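Data first, discussion second: the structure below is written as structure tokens.
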Amino acid sequence: MPHADRAASPLASAPGGPLKGRLRAPGDKSISHRALIFGLLALGETRIEGLLEGEDVLRTAAACRALGATVIRDREGRWRVRGAGIGGLVEPPGVLDFGNAGTGARLMMGVAGSHPIRTTFDGDASLRKRPMRRILDPLVRMGTAVVGEAEGGRVPLTLRGPRETVPIVYETPAASAQIKSAVLLAGLNSPGRTTVVERQATRDHTERMLRLFGARVSVEPEGAAGRRIAVQGQPTLRGTGVIVPSDPSSAAFPLVAALVTPGSEVVIEGVMMNPLRTGLIATLLEMGAEIERLCEREEGGETVADLRVRASRLAGVEVPASRAPSMIDEYPVLAVAAAFAHGPTRMRGLHELRVKESDRLAAVAAGLAAAGVPNAIEGDDLVVEGLGGKVRGGGTVATHLDHRIAMAFLVMGLAAREGMRIDDGAMIATSFPSFVPLMRELGAEIRDA
Ligand code: S3P
């Protein structure tokens, strides 16, 4: 059912006591999508521990089934995928409905679009607005036919893959792990070497998983901050075990909540510390946040750490555009931290925020304004006037089917004088279904409104 048909579920948050305790954020969304997709492309069984059971990922699981994999959740909560293998996908009987999930839809376009089958992709009102041309362009070069599409290269759209996919060298036009991954995944079903060049390194979960499942992949530095990634096509991928570490993009919400709510001390357990995902932590440390990385260890091929966070006096900073890829999903909640900081924060180079689950630049600016926080969009920059802990709040935020806008402004309400209200919290289930109960366990006042 498209999410837009669902009743909205407004929520409100209010300042109460300090936040105290420990929590574990759910499994990483990026890795969860990829674990299922690699399971589909592998032969034999893939066992996934800690899969994020959010709506976005469940859509990908359903798509994997429709393309020929067996996907089950066992009694211990592990997910088991019996793959169809590269070249072995079947034509799905119906439309692949990805709901709100841009990552699932885009990565799967690379997978299905490189097979000689006809596949139709669709999603909710948010996904239907998001640009897919960035995926279709390289796929067309690889031989995929776009049989039909909504205006401007959007879903619903239908792909038919070629008999033989053409390996290409492709430089991504935006710093986007989704574009990179779609091309590399398509390259898996081509008879040669597919190369992706990115000017700025983005999250590398696809590259890591290619290796884990047995593909030949090389990664070299490119220019000052980029990478050149090449994969040899038509390998036999073998099903394997995947442990999904905890999602730093979800941990970001309790983390900022603890920083801005006076007297708080919270430990967030097992957070993935992949350096291509930790831009928010780097920025918050520059702002003066007390965040300790405890007990660093390896989990599922990634470094994870427990983060001890204490309420802190934050100072405004300038965030360089070069940091955007490593904290792309964290700007809404960084803007909340910036509102409570002393002095202005300027976040540079945010153009990609305009094409997320909502136009996040506009949605954040409007939410801050509703809370009485002066801010300005200047070109691709967002400037937030920090009010030194004295945020009025009290407004209602339009969430535009965007889970991260919803969670960011609920966090703001925990420390803003008059609290905050959001028009709809339903989409939180796409990435962090346990957000409200876990926050309540820490002492947060969040209720239906
Ligand atoms: C993701 C990449 C990012 C990010 C998204 C997840 C991924 O998108 O915003 O939430 O898993 O590859 P872009 O590649 O569009 O920047």
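All values below come from the heavy atoms of this structure, side chains included, with hydrogens, waters and symmetry mates left out. Atoms within each ligand, like the ligands themselves, are counted from 1 in listed order. All of these numbers come straight from a predicted model, not from anything done at the bench. Index from 1, following the sequence.
A salt bridge links Arg277 to Asp247: one of the charged nitrogens lies within less than 4.0 Å of a carboxylate oxygen. Ion pairing between a basic and an acidic side chain is recognised when a charged N comes within 4.0 Å of a carboxylate O; Arg227 and Glu220 show no such pairing. Look at Arg293 and Glu269 and you find no salt bridge, because none of the NZ, NE, NH1 or NH2 atoms lies under 4.0 Å from a carboxylate O.
Not one N or O of Ser181 is nearer than 3.5 Å to an N or O of ligand 1, by distance alone. On a distance-only criterion, Glu352 and ligand 1 share no N/O pair closer than 3.5 Å. An N or O contact shorter than 3.5 Å links Lys356 to ligand 1 by distance.
Distances from atom 7 (C) of ligand 1 to the heavy atoms of His205, Arg34, Glu357, Arg134 put Arg34 nearest.
The protein non-hydrogen atom at the shortest distance from atom 14 (O) of ligand 1 is Ser176 OG, 2.7 Å. Of the protein's heavy atoms, Asp329 OD2, 2.7 Å lies nearest to atom 10 (O) of ligand 1. Here the heavy atom of the protein found nearest to atom 6 (C) of ligand 1 is Thr103 OG1, 3.3 Å.
Between Phe435 and Phe253, the ring planes are perpendicular. Angles over 60° get that label, and only those under 30° would be called parallel.
In terms of the side chain to side chain contact (heavy atoms under 4.5 Å, CB included) criterion, Glu151 has no residue partners (sequence neighbours excluded).
Near Ala177, the atoms of ligand 1 lying under 4.0 angstrom from a non-hydrogen atom of the residue are 12 (O), 14 (O).
Contact check for Lys356 versus Ile328: side-chain heavy atoms found under the 4.5 Å cut-off.
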